[in-house]
Structure formats: structure tokens, C-alpha cells
2 protein chains.
Amino acid sequence: MKKVSIKDIAEKANVSIGTVDRVIHNRGRVSERTREKVLAICREMDYEPNVLAQRLASDKAFVFATFTPKPKRDNSYWKTPLDGIRKAADELSGYRVRVKSYFYDQENEESFRQESLNILLEKPDGVLIAPLFHREARDLARKLESYDIPFVFIDSKVEDTRYLSYFGQDSFRSGYLAGRLIWFHLKKKGEVIIVNFSSDLENHVHLKNREKGLKQFMENHHFRGTLTSLTIDPKEELVLTHTLYERLHHKTQGLFVTSSAHKVARSLQKIGKDNVLFVGYDLTPDNVTYLNKGIIDVLLCQKPMAQGHEGIMALFNHLVRKRKVEKNHSMPIEIVVKENYQDYSDF
Amino acid sequence: MKKVSIKDIAEKANVSIGTVDRVIHNRGRVSERTREKVLAICREMDYEPNVLAQRLASDKAFVFATFTPKPKRDNSYWKTPLDGIRKAADELSGYRVRVKSYFYDQENEESFRQESLNILLEKPDGVLIAPLFHREARDLARKLESYDIPFVFIDSKVEDTRYLSYFGQDSFRSGYLAGRLIWFHLKKKGEVIIVNFSSDLENHVHLKNREKGLKQFMENHHFRGTLTSLTIDPKEELVLTHTLYERLHHKTQGLFVTSSAHKVARSLQKIGKDNVLFVGYDLTPDNVTYLNKGIIDVLLCQKPMAQGHEGIMALFNHLVRKRKVEKNHSMPIEIVVKENYQDYSDF
DNA sequence: AAATTTTGCGTGTACGTACACGCAAATAAA
DNA sequence: TTTATTTGCGTGTACGTACACGCAAAATTT
């Protein structure tokens with residue numbers, strides 16, 4: 001049951017381990033005849049390199065860069081992927097893998113460009129990117145492609161780039177799922193209100209798709225009530241309260257908020273909530289506060305921590321273990337209610 | 001940023017690496033003076049052994065045994081933890097860790113005893129146990145304790161044993177959570193039916209606790225309708241259909257089935273389901289069938305795959321990496337509906 | 001005091017791989 | 001043909017650790 005080593009291969013092929021090594025690494029200086037023979041024996045004996053010995057022998061240390069929004073106090077969503085990244089970094093520290101984190105301001109595209117340069121300067125072996133600014137991210141991707149540095153996306157992906165792997169959400173599907181949850185609560189008719197908290201909905205593809213998902217569900221299930229969609233500027237919270245006050249009435253049974261649920265929850269608290277199923281997104285502390293208060297009923301999220309963790313692991317598997325990695329991973333959509341949010345708060 | 005090795009320690013302490021090695025492994029043959037000095041320097045330089053080199057140098061291969069019910073066609077729940085176990089085994093294969101799986105028949109306590117002997121014969125370095133039979137599992141645990149072989153429990157734990165770690169469910173909490181979901185659908189009054197599918201409820205602690213959890217929720221939320229609890233022998237499916245037919249009426253809005261949801265679903269399909277929120281447990285293929293048909297609305301599960309995976313990892317972290325492992329882990333309760341079950345089917 | 005044991009330490013080899021070096025034979029250039 | 005270059009291969013050392021062995025000095029026994 002022992003694993004075969006290059007030594008075993010060498011013996012069987014009647015060559016030295018050096019030769020085997022050269023064959024495996026394609027470093028030339030081997031006759032075609034020997035090459036074939038060694039490769040055949042490798043396959044036959046089902047040789048798999050010992051990653052431990054590889055990493056030990058190689059003096060090369062791998063450096064992975066991560067590029068995500070800087071987590072702020074008022075928006076700590078981005079802390080979670082970072083936790084996953086750190087966990088992976090810890091697991092891999094024994095393999096001489098170092099993870100270096102770079103940040104940008106998610107409201108400042110210039111900061112993305114600036115910091116991109118620093119990443120390129122570092123010449124890392126692989127990069128993990130949360131590409132909130134798709135245009136700028138595409139530029140970075142192009143550079144990385146030209147340097148032959150593999151990169152993975154988390155959260156969302158920039159099409160038309162040669163990314164190694166993607167771990168993120170499926171916005172449409174999560175909206176569709178939200179439909180199911182609201183459906184649990186809906187009487188035959190009733191009303192559902194969608195709130196998009198955004199100044200520029202067209203640019204926030206995620207939000208748009210979440211809404212589309214919900215609408216699709218309602219259509220597929222022949223919803224006979226009314227479906228109202230509001231789009232509100234994030235800066236105008238007063239407007240929000242006012243609008244909600246106007247629109248909300250006793251027939252309203254579902255509230256679907258595609259982002260910043262806590263802000264809507266705050267307004268809703270003032271108005272008073274009754275018999276409305278409130279579905280929002282992401283386990284931020286702010287949101288959790290209102291989940292606990294019973295204003296928000298459900299939060300959906302797609303394993304932000306795992307996105308960070310798996311993203312780093314994908315780089316590791318590709319670069320160090322030389323394994324194939326799947327390209328697209330839509331993360332499981334998690335349904336979080338007051339009674340199980342603790343499960344996700346630290347894991 | 002390079003890591004310190006015993007060589008660095010040796011140099012700084014003016015001794016040979018052999019001496020450092022002896023100090024670290026407490027193999028004696030070192031003067032107290034030198035010992036202290038070396039230890040001080042280890043702490044000072046923050047020495048951490050290189051696990052790769054350790055595993056490479058040591059000829060010892062670790063063997064972990066797993067002991068779970070044999071997955072059958074009609075109950076493949078136990079395939080999932082096995083998948084997690086296999087995944088962990090793959091990840092650790094580079095570390096010379098071998099995982100050997102033993103099985104018992106979950107309806108035959110004798111098979112548990114029998115196979116226990118085989119495990120003890122193997123003298124593994126660590127054991128992972130899914131202790132469906134608590135009494136027999138306790139016997140095994142006692143033996144392992146006397147041999148100083150660490151063991152972890154998954155799914156449920158046997159109190160009063162010195163287990164290394166536990167990864168499992170919190171039945172009460174999941175029942176409580178089920179209450180929340182049913183609550184989404186409930187009109188002020190209405191009726192909720194609990195079905196326990198068991199011949200011996202007292203012995204199935206999980207099921208009992210799930211029911212308790214639901215009842216607690218309803219009590220805490222001042223439920224004013226009726227709460228009916230049925231306990232049905234698994235063998236008597238005809239009785240089941242009949243009983244359901246009798247009990248179910250238009251006021252029934254919630255159905256909570258603590259195990260084998262698919263059997264209840266089958267009966268319910270005959271009767272016809274209308275306006276009832278059906279909550280069951282576990283993502284078995286049978287259950288998923290009825291989830292897709294819309295008979296079952298929600299399935300709860302607690303990451304059975306992760307339980308296997310993390311269980312093995314706990315053994316690894318304890319025995320190989322010599323890290324501290326947390327003792328009790330209640331796994332996140334996952335809420336699975338038709339729209340996200342695929343996320344969990346292969347992951 | 002001599003012989004024996006114990007203590008305290010260094011040395012050497014192994015694990016499986018990477019990679020630099022070196023050397024003979026084959027080939028090419030003079 | 002002689003010399004230079006390339007090809008094809010083996011050898012040796014390093015990575016960081018574990019562990020067996022060996023040897024001098026100290027401690028103990030005779």
C-alpha cells in the first residue's frame with residue numbers, strides 16, 4: 001500500500017532518479033526512448049508526486065495576493081471572505097504558501113486601479129479578486145493574463161477573461177428562492193414589494209438579477225396579487241421611510257430587499273411591521289440586529305467565508321498540487337432565520 | 001519572514017540539532033541546563049515544527065478508523081458523511097494518513113459489537129464513530145480509552161466518555177427552527193401535526209428532542225391553535241395513511257415529521273396536500289423526490305458531509321499537527337427547499 | 001584505583017523531491 | 001583528424017525533521 005516514488009520508477013526503468021526527474025519536469029536532456037519508457041512506467045505504477053517532499057525540496061515560496069474591498073465599520077460584509085482567506089492561509093502555511101491581502105475602497109474606482117499596480121509589482125504566483133468594478137477588474141485581468149499569472153474571482157466574475165476559477169453567487173437563483181419563501185407566507189392574493197436600494201440599478205447586476213429571479217418565481221406560480229418594485233437612492237433614507245409608509249398596507253405580505261436590508265428594516269421599524277415576510281441579503285451585523293428583532297425574517301447569503309477559502313484553495317490546487325480545478329462554482333444559497341443565524345456568524 | 005527550524009535553534013543555543021530534537025520530544029539525555037536554554041529559545045524564536053518535514057521524516061503512517069452505519073439502498077443518508085470522510089482522506093493522503101472505514105448494520109446491534117472487535121484489532125491511531133447504539137458505543141469507547149486511542153463522535157455523542165471532539169446536530173434547536181418556518185405559514189389559529197416515525201420513541205433521543213424543540217417554539221410564540229403529536233410504527237404504513245386521512249383537515253397548516261419524511265409524504269400524496277407546510281429531515285434521495293414534487297416543503301439537515309470531513313480533520317489536527325481541537329461542534333442547521341437542494345446534493 | 005555504567009552530546013542517514021554540476025559519449029565544426 | 005559542442009545521463013547536496021548510533025566525560029560501582 002506504499003506510494004511509489006521517483007526512486008521506484010528509476011529502478012524499474014534502469015535509469016537514475018535524476019533522469020526521472022527531468023522527464024517529469026520536461027527539462028529535456030533525455031533521449032526520446034528513455035522519456036517514453038519512464039512516462040510509461042509512471043502511468044503503469046500510477047505515480048503521484050509527494051507534495052510534502054516537493055514543497056520541502058523546492059526553495060520557492062508561493063505568494064498569493066487577494067484583492068477585496070476594505071471592510072469598513074458600516075459594511076463589514078467583506079470581513080467574512082477575509083476570514084475564509086485567513087483560514088486557508090493558515091492551513092497552507094506549512095506548504096510555504098504566503099497570502100498577501102490588498103484592499104480597495106468599494107466606493108472609489110481609482111483606489112482599485114492604484115492598488116492593482118502594487119499587486120502587479122509584487123508579481124505574485126496567483127491572485128484572488130473580488131471584482132466589484134468590472135471595468136477596472138478587466139484591466140487587471142488583462143495584465144495578469146499577459147504575465148501568465150492565474151487568478152480566481154469571488155462574489156462575481158468578469159466575463160471575457162481567462163479566470164482560473166469562480167466562486168460566487170447566482171443572483172437570479174437566489175431571487176427565485178426568495179420567491180419560494182415569501183410564497184410560504186402568501187395568501188392567494190396579497191401584495192409583494194421589492195425594494196432596490198441603489199442609485200444605479202443597471203450597474204448593479206446582482207441586484208437586478210435578484211429582482212428578476214423573484215419575479216420569475218411569481219410568474220411561474222401564477223401569483224395573482226400585485227408586485228411592486230421600488231428603486232431608492234441609498235442616500236435618501238427619509239424618502240425611503242416616506243415611500244414605505246405610503247406603499248405599505250395591510251395587504252402587503254412580502255417584502256424583498258435586494259441589498260442593505262438593515263436600512264429598510266430601520267424604516268420599517270418606525271412604521272411598524274405586521275404580517276409581512278421580510279427577505280433580505282447577507283449576514284452583516286446590522287442586518288442581524290433586525291433579524292433578531294423580528295423585523296427581518298430571512299437573510300439569504302452565499303457562503304462568503306467559503307468563497308474566500310475555496311478561492312485560495314483553488315489557486316493552491318492549481319499551482320502547487322497541479323490538479324485540475326473546476327471553473328465555475330455557484331455557492332449554496334443559505335437560508336438564515338433568527339433561529340440559525342448563530343451557526344453562520346462564526347463559521 | 002522565513003520560518004525558524006531546529007537548526008536555527010541549535011545554532012543560537014550552541015548545541016547540535018540532535019540535542020534540540022531530544023529536548024522537543026522529551027527523549028531525555030539532555031542536561032537540565034541545556035534543556036531550559038533550548039526551550040527558552042524555542043519560545044523566544046516562536047518555533048513551530050514543519051509538519052511537512054515531520055511527516056516526511058517519520059516512517060510512521062497514521063491510521064484512522066471510521067465506524068458508521070452501512071449505507072443501504074433504502075437509506076442512503078449515511079453515504080453523505082462517508083463522502084466527507086473520503087474527501088478528508090484524499091486531502092491527507094500526502095501526509096501518510098490512511099483512513100479505513102468499518103461499518104455496522106444500523107438495525108443490528110450485534111454487528112456493532114462484532115465490528116468493534118475488528119477495529120480494536122487494527123489498533124488505529126484514532127477513531128471516528130457514529131454511535132447509533134449508545135450502549136454498545138460506550139463499550140467501544142471504554143476500550144479505546146484504555147488503549148489511549150482518541151476518538152471523535154459524529155451525528156450524536158455518548159456522554160460520559162472521554163471523546164476528543166463531537167460534530168453533530170442539535171435536535172432541539174432544529175425542532176425550534178422548524179417552528180419558525182411553520183410559523184411563517186401559520187394563520188393565527190390553525191393546526192400543526194407532528195409525526196414521529198418510530199417504534200421506540202424513548203430510545204430515539206434525536207426524534208424526541210426535535211419534537212420538544214417545535215413545541216417550545218409554539219409555546220414561546222403563544223400558538224393558539226392545536227398541536228397534535230402522532231407516533232407511528234415504521235412498519236405500519238397502512239396505518240399511517242389511515243391516520244393521516246383521519247387527522248388531516250382543512251385547518252391543518254403545519255406538518256412536522258421528525259424522520260423518514262418520504263414515507264409520510266407518500267401517504268400524503270395519496271390523500272392530497274393542500275395548504276400544509278411540510279417540514280422534514282435529511283436530504284435523502286427519497287425525501288428529495290417529494291421535495292421536488294412539492295409534497296415536502298422544507299428539509300432540515302446538519303451538514304452530514306461536513307460532519308465526516310471535520311471529524312477526520314479533528315483527529316488529524318490532534319494527532320498529527322498536535323493542535324488543540326474544540327470539543328463540541330453543533331453543525332449549522334441548513335434549511336433546504338426545492339429551490340436550493342441542488343446546492344447540497346453534491347456538496 | 002580500576003572497571004563499569006550513565007549522562008550529555010554530536011554525527012550520520014533517511015524520507016521524497018528539486019536542481020546544480022559534472023562527465024562520458026555522440027555529434028558537429030574546424 | 002582534431003577540437004568544440006551538444007546530448008544523455010549519473011551524482012551530490014539541500015530542504016527540515018526523526019531517530020539510531022557512537023563517543024567522550026562524568027558518575028557510579030567494584
Side-chain angles (χ1 to χ4, degrees), chain A residues 1-39 41-42 45-62 93-98 125 319-322, chain B residues 1-39 41-42 45-62 93-98 125 319-322:
Chain A
M1 206 56 204
K2 245 192 78 185
K3 277 212 171 181
V4 292
S5 68
I6 53 169
K7 206 165 143 188
D8 303 319
I9 306 284
E11 271 175 30
K12 197 146 190 170
N14 266 325
V15 293
S16 74
I17 58 165
T19 305
V20 176
D21 182 67
R22 254 161 285 159
V23 170
I24 289 171
H25 292 84
N26 279 316
R27 281 209 242 93
R29 309 206 146 261
V30 182
S31 72
E32 192 54 30
R33 244 177 67 86
T34 329
R35 211 182 100 83
E36 299 276 300
K37 189 164 71 177
V38 169
L39 282 178
I41 293 179
C42 278
M45 301 184 75
D46 200 29
Y47 169 74
E48 282 207 20
N50 183 324
V51 190
L52 276 82
Q54 278 184 325
R55 297 304 307 133
L56 187 61
S58 157
D59 53 347
K60 177 170 171 43
F62 280 89
S93 63
Y95 286 96
R96 289 216 208 157
V97 171
R98 253 189 53 227
D125 300 278
L319 285 165
V320 185
R321 302 183 74 188
K322 314 254 183 233
Chain B
M1 204 58 204
K2 245 192 78 185
K3 276 211 170 181
V4 292
S5 68
I6 53 169
K7 205 165 143 189
D8 303 319
I9 306 284
E11 270 175 31
K12 196 146 189 168
N14 266 325
V15 293
S16 73
I17 57 167
T19 306
V20 176
D21 182 67
R22 254 160 283 158
V23 170
I24 289 171
H25 291 84
N26 280 315
R27 280 209 243 94
R29 310 206 147 261
V30 181
S31 73
E32 193 54 32
R33 242 175 69 85
T34 328
R35 212 183 98 84
E36 299 276 302
K37 189 163 72 175
V38 169
L39 283 178
I41 293 179
C42 278
M45 301 184 74
D46 200 29
Y47 169 74
E48 282 206 21
N50 183 325
V51 190
L52 276 81
Q54 278 183 325
R55 297 305 305 133
L56 188 60
S58 157
D59 53 346
K60 177 171 172 43
F62 281 89
S93 62
Y95 286 97
R96 288 216 208 159
V97 171
R98 254 189 52 228
D125 300 278
L319 286 165
V320 184
R321 302 183 75 188
K322 313 254 182 235

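By convention in this document, chain letters (A, B, ...) are assigned in the order of the sequence lines, proteins followed by strands, and residues within each chain are numbered from 1.
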Nearest to the side chain of [X] - [options]?
X	options	result
A:Thr34	C:dA18, D:dC9, D:dT17	D:dC9
B:Leu56	C:dT11, D:dG16, D:dA18	D:dG16
A:Ser31	D:dG16, D:dC9, C:dG8	D:dC9
B:Ser5	C:dA18, D:dA18, D:dG16	D:dG16
B:Arg27	D:dG12, D:dA18, D:dC9	D:dA18
A:His25	C:dT17, C:dA18, D:dG8	C:dA18
A:Asp21	C:dC19, C:dC9, C:dC15	C:dC19

- Query: 5'-most contact on DNA chain C: A:Ser58 or B:Val30, nearest heavy atom basis?
  - Reply: B:Val30
- Nearest-nucleotide 5' precedence on DNA chain C, B:Ala57 against B:Val15: B:Val15
- Item | Least distance between heavy atoms, B:Asp125 atom then B:Ala61 atom | OD2-O, 3.9 Å
Would you say [X] places a side-chain N or O within less than 4.0 Å of OP1 or OP2 belonging to [N]?
X	N	value
A:Thr19	D:dG10	yes
A:Gln54	C:dA18	yes
B:Lys7	D:dA14	no
A:Tyr47	C:dT17	yes

- Within 6.0 angstrom of B:Lys7 NZ, more than 12 heavy atoms from elsewhere: no
Could you check how far [atom1] of [X] sits from [atom2] of [N], rounded to whole Å?
X	N	atom1	atom2	answer
B:Leu52	C:dC15	CG	P	17 Å
A:Arg22	C:dA18	CZ	P	13 Å
B:Glu48	D:dG16	CD	P	15 Å
B:Arg33	C:dG8	CZ	P	12 Å
B:Ile9	D:dG16	CD1	C1'	12 Å
B:Lys37	C:dG8	NZ	P	14 Å
A:Asn14	D:dG8	CG	P	18 Å
B:Glu11	D:dT17	CD	C1'	16 Å

- Would you find a donor on one side and an acceptor on the other, under 3.5 Å apart, between the side chain of B:Lys37 and the backbone of B:Ala13? yes
- Message: Check whether B:Arg55 reaches the backbone of B:Tyr95 with its side chain - one donor and one acceptor, N or O, closer than 3.5 Å.
- Response: yes
- Message: Which residues pass the salt bridge (Lys or Arg N to Asp or Glu O under 4.0 Å) test with B:Arg27, not counting sequence neighbours?
- Response: B:Asp21
- How would you label the contact of B:Arg96 with the nucleic acid (heavy atoms, under 4.0 Å): base, sugar-phosphate, or nothing? sugar-phosphate
- May I ask you to say what A:Asn50 touches in the nucleic acid, namely base, sugar-phosphate or nothing, with a heavy-atom cut-off under 4.0 Å? sugar-phosphate
- Message: With nearest nucleotide decided by heavy atoms, which residue, B:Arg29 or B:Pro49, maps closer to the 5′ end of DNA chain D?
- Response: B:Pro49
- Message: Between B:Asn26 and B:Arg35, is there a side-chain donor-acceptor contact under 3.5 Å, judged purely by atom types and distance?
- Response: yes
